[in-house]
Structure formats: C-alpha cells, structure tokens
Amino acid sequence: METTVKILQINSSARREASQSTRLANRIVERLGQAAPDAQVAVRDLSAVPHPVLDEAALGALFTPADKRTAEQAARVALDDALIAEVQAADVVVLGVPMYNFGVPVQLKNWIDAISRSGVTFRYTGKGPEGLLTGKKVYVALARGGLYRGTPADTQVPYLQTVLAFLGMTDVQFVYAEGLNMGPDAEREGLASAHEQIDEVVAA
Ligand SMILES: Cc1cc2nc3c(=O)[nH]c(=O)nc-3n(C[C@H](O)[C@H](O)[C@H](O)COP(=O)(O)O)c2cc1C
C-alpha cells in the first residue's frame, strides 16, 4: 500500500529570492517533512516557469477534441495537463500567496484556471457542481504589506476558499503574514505571528 505523503508546493510570488510567501511556504513544507520524513515534495515555482494565461487560443485548444487538435493546441493543453496531474497526485498542497493589488497574483490565477477542468477536477451533477480533487489538505501562506485579515478588503481568503472547495479541497488552513510593509517592527511581528501560526496548524 502507498503510504508516502506527497506534498505539492506552489510558489506564486513574482519574486524568487526575497519572497516572504515562498519562505513561509518553505517553512510549512519543512514542518510537514519533520512530521513525515519520507514525504515526497514537488515544487512548482510559477515565477521561474510562468504558466500561460487562459486566452482565446488556449480556450480553443481546450474545447477542440483531443484527436482534432493541432500540434500547437496539443502542446498548450499538455501544459495544463501537467499541473492537473501534479495536484491530483498530491496529498497535501501548500500555496505561497502574496497580496497584489487586493487580489491573488496573476500566476496563481493562471494555475487555478489551468487546474479547473470540467469532467476532470470538477463535474456538474443533478445536485450541482462536485469537486473531484478530494481528500487533500491545503495550507495557504499569505503575505501582505498591510493589515487585511478578517476585513472586507481581504478578497483573497473568500476567493481561495470558494474556488478550492469548488474543486473538492475543503480542508484549508490559512497562515497570515501581515504588515510586512509597515516598518521593521511591524514586519518582525507579522513574520513572528506567521511562524506561530505555522507551528499551530502543522501538526509536528
Ligand atoms: C505589485 C504589488 C502590489 C501589492 N499590493 C498589495 C496590496 O494590495 N495590499 C497589501 O497589503 N500589500 C500589497 N503589496 C505588498 C506585498 O503583498 C508584500 O510585499 C508581500 O510580502 C509580497 O509577497 P512576497 O514577499 O511573497 O513577494 C503589493 C506588492 C507588490 C509588489
């Protein structure tokens, strides 16, 4: 029986080196690795390898039957297929998510657009939509310059809760690093709080 825990880390900051959300996602994965030393970790860094936007050509490729696609259309669909296969295989998904202009980074949106495929990761039934990416635990490391937790301006959390649940991922823990652009003291406090939250939510 397969018992190895498979962890998928998705980094969505535009920054590769100095990203706080990526560092926090790394920390969550490290903690998970301490609890399950033989865990397999796959990292999808969307700043290193940006995923293409869902444009008209991509939609055309997706809605063309597989045996009728051009080579270019098949290649475009294959890019999405790879992201779907990664998330299907994962037991645990860890998302690193900065706040950009009150929303999620475009790369995270591109990832969500890529993995949301009717008949594959969700389906419509007589009782409404059904998510097919079930049985997964999700951690989301949020990094923000300001303070938005629990306010109407925090559109990220309801959006992510909604779309992840739509896809079947209902067990989601959010970790907030806030006030990161409000001076050194606020930044230190924001990161210390995020580290505490990680210790709390990731069972050691
Ligand atoms: C283009 C851009 C837009 C941003 N928009 C917001 C915002 O709307 N609200 C906020 O609190 N912080 C905002 N910030 C600050 C970032 O959320 C903060 O620097 C965070 O640490 C970035 O994530 P990262 O460290 O993983 O790159 C913005 C930063 C950038 C670069």
Side-chain angles (χ1 to χ4, degrees), residues 6-34 39 41-55 79 82-83 86-87 90 92-116 136-165 167 169 171-202:
K6 293 199 176 101
I7 302 170
L8 173 62
Q9 178 178 344
I10 307 290
N11 300 334
S12 70
S13 172
R15 302 197 289 176
R16 291 179 71 179
E17 298 302 328
S19 164
Q20 298 290 7
S21 59
T22 298
R23 287 180 189 162
L24 293 169
N26 290 343
R27 196 178 178 100
I28 292 170
V29 170
E30 275 165 29
R31 290 285 188 282
L32 291 167
Q34 286 163 5
V41 181
V43 180
R44 171 68 58 173
D45 190 331
L46 296 167
S47 72
V49 184
H51 197 78
V53 71
L54 183 61
D55 58 9
L79 293 176
L83 299 195
E86 280 176 358
V87 73
V92 183
V93 180
V94 180
L95 306 178
V97 183
M99 181 180 279
Y100 285 160
N101 303 313
F102 296 95
V104 298
V106 69
Q107 280 303 325
L108 186 68
K109 183 62 168 63
N110 288 347
W111 181 78
I112 289 166
D113 286 342
I115 67 164
S116 303
K136 301 178 196 306
K137 174 95 195 171
V138 183
Y139 297 92
V140 183
L142 301 160
R144 286 107 182 255
L147 304 172
Y148 296 105
R149 182 176 185 167
T151 75
D154 184 353
T155 61
Q156 290 184 306
V157 168
Y159 165 65
L160 289 171
Q161 266 169 338
T162 300
V163 71
L164 293 172
L167 296 172
M169 293 180 273
D171 186 357
V172 185
Q173 288 278 358
F174 291 92
V175 168
Y176 300 76
E178 294 204 303
L180 302 185
N181 292 355
M182 293 172 59
D185 289 346
E187 182 182 15
R188 221 176 0 256
E189 279 170 32
L191 292 175
S193 165
H195 294 168
E196 278 174 25
Q197 294 166 56
I198 290 171
D199 290 343
E200 278 166 27
V201 299
V202 182

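Counting starts at 1 for both ligands and their atoms, in listed order. Below, each value reflects all heavy atoms present in this structure, side chains not excepted, and no hydrogens, waters or symmetry copies.
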Considering residues at least two apart in sequence or located in another chain, which fulfil the salt bridge (charged side-chain N to carboxylate O under 4.0 Å, His left out) criterion with Lys136? none
Within the 3.5 Å criterion, strictly below it, is a donor on Asn11 or Gln107 matched to an acceptor on the partner's side chain? no
With sequence neighbours excluded, residues passing ring pair (Phe, Tyr, Trp, His ring centres under 6.0 Å) with Tyr148: Phe102
Decide whether Glu189 and Ser193 meet the rule of one side-chain donor and one side-chain acceptor closer than 3.5 Å. no
Protein residues that have a heavy atom under 4.0 Å from any atom of ligand 1, sorted by chain and number: Ser13, Arg15, Ser19, Gln20, Ser21, Pro98, Met99, Tyr100, Asn101, Phe102, Ala143, Arg144, Gly145, Gly146, Tyr148, Leu180, Asn181
By salt bridge (charged side-chain N to carboxylate O under 4.0 Å, His left out), Glu86 pairs with (sequence neighbours left out) Arg44
Answer yes when Arg149 and Asp154 have at least one side-chain N-carboxylate O distance shorter than 4.0 Å, and no when they do not. no
